[in-house]
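To find a chain, count down the sequence lines: A is the first, B the second, and so on, and within it residues start at 1.
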Number of protein chains: 2
Amino acid sequence: MKLSTKGRYAVMAMVDLARHSNGNPVSLAEIAERQEISLSYLEQLFARLRRGGLVKSVRGPGGGYLLAHDRDTTRISDIILAVDEPIRAIRCTPGMSVGCRGDRSRCLTHDLWEELANQIHLYLSSVSLGDVCEKRVLGTSGIVQREAYRAMEAVVLR
Amino acid sequence: MKLSTKGRYAVMAMVDLARHSNGNPVSLAEIAERQEISLSYLEQLFARLRRGGLVKSVRGPGGGYLLAHDRDTTRISDIILAVDEPIRAIRCTPGMSVGCRGDRSRCLTHDLWEELANQIHLYLSSVSLGDVCEKRVLGTSGIVQREAYRAMEAVVLR
DNA sequence: TTTATATCCGATTGATTTACTCAGGTATGA
DNA sequence: TCATACCTGAGTAAATCAATCGGATATAAA
């Protein structure tokens, strides 16, 4: 899982869309102005989001974009995976580049990066668009999340 | 916390150092050959690792690098922070760029990225150089880690 | 004292990625 | 028909990455 400002822009735009759409399509021009992202760049991002099945488009005047699914079932991880397409976890397995040449000396750090990617994906798939909209990200609610957080804390404070 | 192949190289090199140093200094030339990283690039990385207090250098013939601390107290997170210096979490707070201009409309995604950075740092600081060397990364041991993992899993499968 | 070893240091470079622009094309409601 | 807004692809400045080059400095061994 790759983490860049690209994914960050996409999430910001999707949150904006979720908040300002009351069943009506929201135009990219609106989002661009509110979030201070260039229109053309948003168009690129939404092209990927559409192909990823996360939004639906309505063409013509009064058109724009709609969430394809409910805001509470749209995961942050899906948004990032949609815009950062090349899902190659940590460029290790495919081209066997950067050491880690499959043979006997399988690189020792392989498991580490794989597990880190796991952790990141786990967290981001535990948060929905609705969670972010309602500021439910490690807020006062979210019991299970805080449980997990406490367990992680136990690890570092061992 | 920034994640790049730069940090990845640094961790690979540090693991190599930890494994092949029996109290003796290990030269970068050795590490470069084993890990297939260019010598000059390693020099750049180890300059930062030295400034970060993670390794000690011994100059002259027979010289090389030594771990500054025990392999079990050297955290992966410290290695990555040392080479990726600009610790700016997610370029939000300092230049108030990319939306999130401090005023009333504090960007909604701010908490999300902050918490994600938290999660990543939490995980990487729970793993030591020794853990990676002994393949204790989510292996068959590491009870607390697996507990945390299961808790996270409960979140995504809610 | 010379010499080979190896850390140090800075400047530069090709390749890649990012964030963005430009120039159009296409569907559709008014 | 016309303005709106989605759609597409090509191109671009800036930044970063991974690496190279040329040297300086310290030091153990000859």
Side-chain angles (χ1 to χ4, degrees), chain A residues 2-13 17 20-21 24-33 35-52 54-66 68 80 83-88 90-91 95 97-99, chain B residues 2-13 17 20-21 24-33 35-52 54-66 68 80 83-88 90-91 95 97-99:
Chain A
K2 211 176 132 197
L3 291 172
S4 64
T5 52
K6 199 169 178 176
R8 204 164 123 68
Y9 277 119
V11 173
M12 283 172 62
L17 172 57
H20 293 92
S21 161
N24 311 316
V26 179
S27 75
L28 291 191
E30 290 177 57
I31 299 177
E33 200 192 345
Q35 301 299 320
E36 291 181 331
I37 307 173
S38 89
L39 177 59
S40 303
Y41 197 40
L42 273 181
E43 284 177 343
Q44 286 177 37
L45 295 178
F46 274 79
R48 287 169 183 260
L49 292 171
R50 202 179 108 263
R51 278 180 233 129
L54 290 165
V55 294
K56 286 178 293 186
S57 65
V58 180
R59 301 182 73 160
Y65 285 93
L66 291 164
I80 293 176
V83 298
D84 275 330
E85 277 195 278
I87 322 180
R88 49 170 195 185
I90 9 154
R91 80 157 183 173
S97 57
V98 190
Chain B
K2 210 178 131 196
L3 292 172
S4 65
T5 53
K6 199 169 181 177
R8 205 164 123 67
Y9 276 120
V11 173
M12 283 171 63
L17 172 57
H20 294 91
S21 161
N24 310 316
V26 179
S27 75
L28 292 190
E30 290 177 56
I31 298 177
E33 200 193 345
Q35 301 300 320
E36 293 181 329
I37 306 174
S38 88
L39 177 58
S40 303
Y41 196 41
L42 273 181
E43 286 177 344
Q44 288 176 38
L45 295 179
F46 273 79
R48 288 168 182 261
L49 292 171
R50 203 179 107 263
R51 277 180 234 129
L54 290 165
V55 294
K56 286 177 295 187
S57 66
V58 180
R59 300 182 72 159
Y65 286 91
L66 291 164
I80 293 176
V83 297
D84 275 330
E85 278 194 278
I87 323 178
R88 49 170 194 183
I90 8 153
R91 81 155 180 173
S97 56
V98 190

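Leu42(A) is not listed as a side-chain neighbour of Tyr65(A), based on a closest heavy-atom distance of 4.5 Å or more. The shortest side-chain heavy-atom distance between Ile31(A) and Ile37(A) does not fall under the 4.5 Å cut-off.
Here Phe46(B) lies out of heavy-atom contact (under 4.0 Å) with every strand.
A straight line from CZ of Arg8(B) to P of dT16(D) spans 21 Å, rounded to a whole angstrom. One atom, CD1 of Ile31(B), and another, P of dA19(D), lie 15 Å apart when rounded to the nearest Å. Atom CD of Gln35(B) is separated from atom P of dA19(D) by 13 Å (rounded to the nearest Å). Atom CG of Leu49(A) is separated from atom C1' of dC7(D) by 14 Å (rounded to the nearest Å). The CG atom of Leu42(B) sits 9 Å away from the P atom of dA19(D) (whole-angstrom rounding). Taking atom CG on Leu66(A) and atom C1' on dA5(D), their separation rounds to 13 Å, with Å as the unit. The distance between atom NZ of Lys56(B) and atom P of dC8(C), rounded to the nearest whole Å, is 13 Å. Look at CG on Leu45(B): it is 14 Å from P on dC8(C), rounded to the nearest Å.
Side chain of Lys6(A), nearest nucleotide from dC8(C), dT18(C), dA19(D): dT18(C).
Distances shorter than 4.0 Å separate none of the side-chain N or O atoms of Ser27(A) from OP1 or OP2 on dT4(D). Between Arg50(B) and dT7(C), a side-chain N or O to OP1/OP2 separation shorter than 4.0 Å is absent. Using a 4.0 Å cut-off, some side-chain N or O of Tyr9(A) falls inside it from OP1 or OP2 of dC20(C).
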Base-contact (B) and sugar-phosphate-only (S) positions in nucleotides 20-29 of chain D, heavy-atom cut-off under 4.0 Å, - elsewhere: BB---BBBB-
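Between Tyr41(B) and Tyr9(B), the ring planes lie perpendicular to each other; the angle is over 60°, past the 30° to 60° tilted range.
Note that CG of Leu17(B) and CD of Gln35(B) are 10.5 Å apart. Values are rounded to the nearest 0.5 Å. In this structure, OG on Ser21(B) lies 10.0 Å from CD on Glu30(B), to the nearest 0.5 angstrom. For the atom pair CE (Met12(B)) and CD (Glu36(B)), the distance works out to 8.5 Å, reported to the nearest 0.5 Å.
Here the closest non-hydrogen pair linking Ala10(A) and Val83(A) is CB-CG1, 3.6 Å.
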